[in-house]
Amino acid sequence: MAAIAVIGGGGYVGLAYAVAFAELGHAVTALDVDAEKVAALSEGRCPIFEPGLEQLLQRGLENDRLRFTTDYHVAIPDADFAFICVGTPAGPSGRADVRYILTAAQAVGRHARGHTIVVNKSTVPIGSVQFVTESLTEFAGTDTTFSVVSNPEFLAEGTAIHDIFHPDRIILGSDDVAAADRVAELYEPLGAPVLITDPRSAEMVKYASNAFLATKISFINEVAMICESLGADVSAVAQGMGMDKRIGPQFLRPGAGFGGSCFPKDVRALGSMARDMNLDATLLNAVLEINAVAHARIVDKLTRHLGDLQGTSIAILGLAFKPDTDDIREAPALYVIEQLLAAGANVRVTDPVALDRVAAIISGIT
Ligand SMILES: NC(=O)c1ccc[n+]([C@@H]2O[C@H](COP(=O)([O-])OP(=O)(O)OC[C@H]3O[C@@H](n4cnc5c(N)ncnc54)[C@H](O)[C@@H]3O)[C@@H](O)[C@H]2O)c1
């Protein structure tokens, strides 16, 4: 049993891992700066919707394997491992904004005692392991040491708990192979293949994977557009393509384009890293462009069928960026709502779990 601190333990990734590590028998302290989330979680109430999460949360609390705090002094000094799971939203140029990582690493450094293995699960720009190491040591005591391991995360919202317990692979990047081995041991009960590599390659696996999946979505959306003009049924086309094992059926569903907190920001961030190195990321730019067109085509189609949208009533079924989550970050529905309101339509919306989040940021809809 290890003592594990999860920084950002109230978020989609951090909370799912906090409950999962508790379920695997570890002593977990989940730390978040959001006091409201910490208060709710301490009482067994889940501030986000994710299937299966609340049950595991309650079990972890009942078994005394899981606690929540806003205080680094409570979470860090006794931790063998500190998992950093804070957000890395897109900055103005598309580059990932790493300020939360920086603050978290400095705070871990300030409160750590002895040796701590710091595991970075957040999606971070290539090379971040260096500034994380520097931030950890900036305010650390002289007898404090760290090993830093990059451990990108691949869970999907809506299936997060299943994904954590049945991962396709565990990717670990570190210059300290012994530390990477210790992190690998935490995952051993899951029986997944482990790839240990250098930190930069590990960080890149995450960006390249998300960019590839986003590319599949934009690809099928472009094919959908061509199918519509030529009288082919894109659903049948996607089904037929997916039967080829080399292609696979996943991420070939045409629609309003991808959204969510990862694909758009990670594709932009990878493109921005390429630009920083004076490289042309032609394919990534096209993926984003096609995605914007996929959003816009929903309203174009409505206009084609209904004419002027002024005064029409349009219902939108589903607001989150995909089923089984309440996450509305960069959800295509928000873009469609905005366009419909601008065109003067009466917009009525529904969603099993994301309604409150949309009501909090958009007015003038039913
Ligand atoms: N959401 C996903 O499906 C997913 C999947 C794979 C990877 N990721 C990556 O994981 C990271 C986290 O994503 P998320 O969706 O869980 O974000 P999130 O916004 O849901 O959670 C981040 C949490 O960190 C907390 N936080 C911020 N600064 C902190 C600090 N200094 N100390 C302690 N807590 C702090 C926030 O209050 C928040 O609760 C991102 O880098 C993201 O790209 C996300």
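When a ligand or atom number is given, it counts from 1 through the structure's own listing order.
Every N/O-N/O distance between T103 and ligand 1 stays at or above 3.5 Å. Looking at ligand 1, you'll find an N or O of Y72 within less than 3.5 Å of one of its N or O atoms. Residue C262 has no nitrogen or oxygen atom sitting less than 3.5 Å from a nitrogen or oxygen atom of ligand 1, judged on distance alone. Inclusion of D32 in the set of residues having an N or O under 3.5 Å from an N or O of ligand 1 is warranted. Taking distance alone, with nitrogen or oxygen atoms compared against 3.5 Å, E157 approaches ligand 1 more closely than that limit. Annotation: T123 places an N or O atom under 3.5 Å from an N or O atom of ligand 1; distance criterion only. Considering both main-chain and side-chain atoms, K206 never comes within under 3.5 Å of ligand 1 through any nitrogen or oxygen pair.
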- Task: Start with the C-alpha gap between T159 and D324, add the side-chain angles, then the distance that decides, and say whether side-chain contact (heavy atoms from CB on, under 4.5 Å) holds.
- Result: CA-CA 8 Å; T159 52; D324 278 328; over 6 Å; no
- Could you go through the side-chain contact (heavy atoms from CB on, under 4.5 Å) check for F81 and R182 one step at a time? CA-CA 9 Å; F81 298 89; R182 291 219 30 222; 3.8 Å; yes
- Message: Between V6 and L31, does the side-chain contact (heavy atoms from CB on, under 4.5 Å) criterion hold? Intermediate values first, please.
- Response: CA-CA 6 Å; V6 180; L31 180 146; over 6 Å; no
- Task: List the steps, then state whether side-chain contact (heavy atoms from CB on, under 4.5 Å) holds for K265 with T123.
- Result: CA-CA 10 Å; K265 92 168 162 65; T123 304; 4.1 Å; yes
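Atom numbering of ligand 1 starts at 1 in the shown order; those under 4.0 Å from a heavy atom of G8 are 23 (C), 24 (O), 25 (C), 33 (C), 34 (N).
Below 30°, between 30° and 60°, or above 60°: for F258 and F263 the angle between ring planes is above 60°, a perpendicular geometry. Using bins of under 30°, 30° to 60° and over 60° for the plane-to-plane angle, the ring pair F21/F83 lands in the tilted bin.
At a heavy-atom cutoff of 4.0 Å, ligand 1 is contacted by both the backbone and the side chain of L155.
Which of G11, P47, S122, C85 comes nearest to atom 12 (C) of ligand 1 through a heavy atom is settled by distance: it is C85. When the heavy-atom distances from atom 14 (P) of ligand 1 to Q106, K37, R329, E153 are ranked, the shortest goes to R329. Considering only non-hydrogen atoms, atom 11 (C) of ligand 1 lies nearest to V86 out of T325, V86, T88.
For the pair R329 and F321, the NZ or CZ position fails the cation-pi test of under 6.0 Å to the six-membered ring centre and within 45 degrees of the ring normal.
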